[in-house]
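Note that the numbering runs from 1 along the sequence shown for the chain.
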Amino acid sequence: MNAANVNRFSKWTYVFLLFTALCCLFTPAVSVKKENFKTCSQSGFCKRNRDYADSAATTSSWSSPYALDPASIKFDKGQLTGNVIKTLATTGQSVRLPITISFLESGTARVTLDEEKRQTGDIELRHGSKARKERYNEAEKWAIVGGTQLSAGAAISKGSETGTTKVIYGPMSKFEAIISHSPLSIDFKRDGVTQVLLNERGLLNMEHWRPKVDKPAKEIKEGEEASEPVEDPAAEDESTWWDESFGGNTDSKPKGPESVALDVTFPGYEHVYGVAEHTGPLSLRQTRGGDGNFDEPYRLYNADVFEYEMNSPMTLYGSIPFMQAHKKDSTVGVFWLNAAETWIDIVKSKSAANPLSLGIGSETDTKTHWFSESGLLDVFVFLGPTPKDVVGAFTGLTGYTQLPQHFAIAHHQCRWNYVTDEDVKDVDRKFDKFNIPYDVIWLDIEYTDGKKYFTWDPMTFPKPIEMQEQLDEHERKLVAIIDPHIKNEANYPIVDELKSKDFATHNKDGNIYEGWCWPGSSHWVDCFSPAARAWWASLFQYKKFLGSAHNLWLWNDMNEPSVFNGPETTMPKDNLHHGGWEHRDVHNLNGLTLVNATFDGLVARNKEEEKAGGVRPFVLTRSFYAGSQRMGAMWTGDNQAEWSHLKESLPMILSLGVTGFPFAGADVGGFFGNPEKELLTRWYQAGAFYPFFRAHAHIDTRRREPYLLPEVERGIITQALRLRYALLPTWYTAFHAASTSGEPVVKPMYYVHPGDEKGFSIDDQMYLGSSGLLVKPVTQEGATSVDIYLPDGEKYFDYSDYTQHKGPGHVEVEAPLEKVPLLMRGGHIFPRRDRPRRSSGLMKYDPFTLVIVLGNAGDAEGDVYLDDGESYDYEQGAYIHRHFKYDAETVSLTSTDLSMAGKKTKAYLDEMKSVRVEKIIIVNAPASWKHKSEVRVAEEGASKSSEAKDVPLKWFAGESGKADWAVVRNPGVTIGGGWKIDFSLDSKA
């Protein structure tokens, strides 16, 4: 081989190796790199608190060292205050911990424990830190928006036993809080029965401040051997109190150990739900090992988890530390208001039964153990008694989901990335060519000029306004991604202003923090700062974000925050935010603060929109905390194109719904990988029943827009999309209910049937709002039927052909590839719009179909809510909210008004007066209607029978197990009007 060939060989070898290395960077790994994330044993405070629990469980003489000083107790206007004394076992000294127990008008109780020395600043920080000395006490500023009014009716009971204080509170004074003084514990009762116990196991642990004492090393004389140190059995393990390292990063921990922990017991409750976001079943697993259980606690520490694994308590992108416990006809809950890293252990045990009962009458107690790295101990207790009561009380505190724009609940099309503005326009045209409806197309990071946000790549997106104008022709929207990391590059006005105005997060030394993300070297906007939030919001003005139009909305990704070279792919915990708070204190709130600022910026992007009252923003977030639901939607992150991820998406979305965040979805088709045709088809059918419905894919995947599929699969997916669009009135009505009461948009079985124990762990089927529509998507490869559990003896009917099913018990429902397994529960009425359109905006004045599903009693009822689908005018009465009821006794259907009039009511009703009901379908129509040919329609205000009109009715016989049904076409009534339809006219032969 000559020299030239050697050089050529070396050159191509180098190119090959470089190419291989780049592929390694961008090709998805097989699974999550678990070594990048801590286990409990690698998290100092988690290990300490688990060890504390083990010690308590194995020490026969164990007694909690925390006692409430009875002389300090004061009670005034629904609030008890006092001092908890922590007695130190090693020295006998005491630590004062101020306690406040608030009894709220809503029936919720709140227990807050602080530390006097930190509260008063009577501590010293290590390393010359500029951090705040207090425990973080501002989480409620971000998470709590209402429901904290103190109860005027709460009172201390005069019958309290010695050593206890009893407070009577709640609706009709049915709730009690029995506070035992020494050791401190609280027993929450409803109707005299214990529902929640705090510190029953004595695991309350508030790591008080103490100075670091460097112990002198023993001098070793010449000729002596070093001996092993003798441990003091009473001494605490200090190995993780101070500087702590993981993954090449050392946390300076200037305040030393300051974790808070508490055990919360739910006696008699076997099932607990919530603490999103995790994979795994809706009914949470035990975490102390054993068959089918986890070995690790559930972790809440928002992180960018690449290709997360199934059935795991590992942390994911968001944290909602709210847990419900449920048993037959009873639900209670707790909310752990703490934004620091948090872990939760769950253990279930059978309570003792009468020895002669052979186990009959024994109950399962769920015992949980919560621990956070820093901050206050701040716990809300909800005593129910129904799931709706508990979720309603929680969302009353943290806020209901915003009422989204109508387009936001339709079909979204996304991938990383549509590569040019012409590419976007071409995709838009092809959806139209194949008559596939969609509302929103999305742009990932490649649309920017070199990953600089609020810019467009001049080569690939030279005409962004023209692109948005084409979308606007069919009422479609564009969503663009903007992340919180700002590229550190010269002559970039955004980063120049970020630096000059000091709006960035700082490192532990007080300098602007620099890390690595998509743009390379980056800084992070600190949205804990009011000035930084206002600045960030101002960047969305059309005159600043050049190239953005009124139909462009936002996607905040990577806002955990994701830092590629940071510990656990996020910021160091000793970074500093506005006000001197350490990042450890506020980590789980970080994503919420960014979305809050983005939301504010989109409410009024120019003075004309602001003057008109603003347009409801649409923002998607990946990272979230309790309260994030007020600002928009979330999705479950970087899933994979696998059947297991399709299946897991259902309990994840249900869990988010019952933890107050109903506007949730998963990437349809799977973000990583290339789904085969059957999986993609089934995923679209499932996605049609996600509250947030978006198809998304990784940059390395093949294009998979529905129009690219073979005709069969393309047609099936189109039908699934049309089903979603037909049911948009039902979806919008469900979202309205969520925005006013906090109830989930899709509901698990236990929520709808709280007395049916067989449904408590079911998480692969769900109800759509209050419509009675029960869906069980196919999540198993090759399946042609599904097993659906029916909880009661009511009649259920197949949506597509009215096949009748009846419970209680399991029924097999046919589900060939072209069919979504969807049942209609008797006793319900739901609205549809049946005319296929290109986008939801084009449906605004379309007529309605009402579907009446008669059940065992022959009655049915349901609602419809609609407004302009975009503005805040509904707050001034510009909406329609009607209740429909079919009464078997009077054999009539009525429409009654549920709205509250406002100054914009009349104008809106005038605008909608031509929107009619074009069809009424009655499923399970009485056989006596076989010869009926007419119904009588009377509009509201009609004073004479002569003003009523007769309208044709047609009855159809069901065959082979299918229900009879009837249709009234063109009844001549409007969707917003009051009217009555009488079905009792004499039959005609």
Would you kindly say whether Thr315 and Asn302 are connected by a side-chain donor-acceptor distance under 3.5 Å? no
Chi angles and distances behind the side-chain contact (heavy atoms from CB on, under 4.5 Å) call for Tyr301, Thr342: CA-CA 7 Å; Tyr301 187 64; Thr342 299; over 6 Å; no
Closest non-hydrogen atoms of Leu204 and Tyr66, given as atom of the first, atom of the second and distance, are O-CE1, 2.9 Å
Mind checking what makes side chain to side chain contact (heavy atoms under 4.5 Å, CB included) contact with Thr598, not counting sequence neighbours? Trp536, Phe540, Leu554, Asn556, Leu594, Leu602, Val619
For the residue pair Asn199 and Ser185, confirm or rule out a side-chain donor-acceptor distance under 3.5 Å. no
Under the side chain to side chain contact (heavy atoms under 4.5 Å, CB included) test, which residues partner Thr740, sequence neighbours left out? His736
Donor on one side chain, acceptor on other, Gln324 and Thr331, under 3.5 Å: no
Could you go step by step and tell me if Leu262 and Val379 meet the side-chain contact (heavy atoms from CB on, under 4.5 Å) rule? CA-CA 10 Å; Leu262 180 69; Val379 182; 4.1 Å; yes
Considering only heavy atoms from C-beta outward, does the side chain of Phe322 approach that of Val334 to under 4.5 Å? no
Answer yes if the side chains of Gln402 and Ser739 hold a donor-acceptor pair under 3.5 Å, and no otherwise. no
With sequence neighbours excluded, residues passing ring-ring contact (aromatic ring centres under 6.0 Å, His included) with Trp241: none
Trp209: which residues meet the ring-ring contact (aromatic ring centres under 6.0 Å, His included) condition with it, sequence neighbours left out? none
Is there a side-chain contact between Val196 and Phe266, using heavy atoms and a 4.5 Å cut-off? yes
Given side chains that start at C-beta, do those of Thr366 and Ile346 come closer than 4.5 Å, heavy atoms only? yes
Taking Gly637's backbone N and O only, do any of them form a donor-acceptor pair with Tyr317's side chain (distance below 3.5 Å, no angle check)? no
Would you name the heavy atoms of Ala177 and Tyr169 that are closest together and state the gap between them? N-CE2, 3.9 Å
Correct closest heavy-atom pair for Asp574 and Ser252 would be OD2-OG, 2.8 Å
Not counting sequence neighbours, which residues clear side chain to side chain donor-acceptor pair (under 3.5 Å) with Glu373? List them please. Lys573, Arg584
Who passes side chain to side chain contact (heavy atoms under 4.5 Å, CB included) against Ser102, sequence neighbours left out? Gln79, Thr100, Leu104, Arg110, Leu150
Can you tell if the side chain of Thr39 reaches within under 4.5 Å of the side chain of Glu296, non-hydrogen atoms only? yes
Return the minimal non-hydrogen interatomic distance between Ser374 and Asp585, and the atom names on each side. OG-OD1, 2.8 Å
Quick one: list whatever passes side chain to side chain donor-acceptor pair (under 3.5 Å) with Asp638, sequence neighbours left out. none
Hey, does the side chain of Ser655 reach the backbone of Pro651 with a donor-acceptor pair shorter than 3.5 angstrom? no
Could you tell me whether Arg50 and Asp345 have a side-chain N and a carboxylate O separated by less than 4.0 Å? yes
Centroid-centroid under 6.0 Å between Phe661 and Phe624 rings: yes
Steps toward side-chain contact (heavy atoms from CB on, under 4.5 Å) verdict (Leu125, Lys130): CA-CA 8 Å; Leu125 302 182; Lys130 300 177 182 179; over 6 Å; no
NZ/Lys133: more than 12 non-hydrogen atoms of other groups inside 6.0 Å: yes
Taking the side chain as every heavy atom from C-beta outward, state whether Arg622 and Asn559 have any pair of such atoms under 4.5 Å apart. yes
Residues two or more places apart in sequence or in another chain: which of them pass side chain to side chain donor-acceptor pair (under 3.5 Å) with Thr505? none
Any side-chain heavy-atom pair from Trp343 and Tyr298 closer than 4.5 angstrom? no
Checking His208 against Lys86: is there a side-chain donor and acceptor pair closer than 3.5 Å? yes
Can you label the angle between the Phe103 ring and the Phe75 ring as parallel, tilted or perpendicular, going by 30° and 60°? tilted
Do Trp535 and Val525 come within less than 4.5 Å of each other through their side chains, counting heavy atoms only? yes
Ring centers of Phe528, Trp142 separated by less than 6.0 Å: yes
Parallel, tilted or perpendicular: which fits the ring planes of Phe663 and Phe618, with parallel below 30° and perpendicular above 60°? perpendicular
Examine Lys38 relative to Phe246 and say whether NZ or CZ is less than 6.0 Å from the centre of the six-membered ring and inside a 45° cone about the ring axis. yes
Restricting to disulfide bond (SG atoms under 2.5 Å apart), what partner residues turn up for Cys46, sequence neighbours left out? Cys40
Do His326 and Ser283 come close enough that some side-chain heavy atom pair is under 4.5 Å? no
Are Thr570 and Glu560 linked by a side-chain donor-acceptor pair shorter than 3.5 Å? no
Between Tyr52 and Gly202, the two heavy atoms sitting closest are CE2-O, 3.9 Å
Is there a donor-acceptor contact under 3.5 Å linking the side chains of Trp370 and Thr368? yes
Assess, by modelled atom type and distance only, whether the side chains of Ser562 and Thr569 contain a donor and an acceptor separated by less than 3.5 Å. no
Please identify each residue that fulfils ring-ring contact (aromatic ring centres under 6.0 Å, His included) with Phe380, with sequence neighbours left out. Phe335
When you look at NZ of Lys212, are more than 12 heavy atoms from neighbouring residues, nucleotides or ligands closer to it than 6.0 Å? yes
Lys/Arg-Asp/Glu bridge criterion (N-O < 4.0 Å) met for Glu568, Arg299: yes
Assess whether a salt bridge exists between Glu258 and Lys253, defined as any Lys/Arg side-chain N lying under 4.0 Å from an Asp/Glu carboxylate O. no
Between the side chains of Glu341 and Ser372, is a donor N or O closer than 3.5 angstrom to an acceptor N or O? no
Crowding at CD, Glu514 (>12 non-hydrogen neighbours, <6.0 Å): yes
Under the rule for side chain to side chain donor-acceptor pair (under 3.5 Å), what residues qualify as partners of His583, not counting sequence neighbours? His577, His587
Would you sort out whether Leu97 and Asp114 count as a side-chain contact (heavy atoms from CB on, under 4.5 Å), showing the intermediate values? CA-CA 5 Å; Leu97 307 171; Asp114 205 341; over 6 Å; no
Nearest heavy-atom contact between Asn588 and Ala340 is ND2-O, 3.3 Å
Which residues pass the ring-ring contact (aromatic ring centres under 6.0 Å, His included) test with His369, not counting sequence neighbours? Phe371
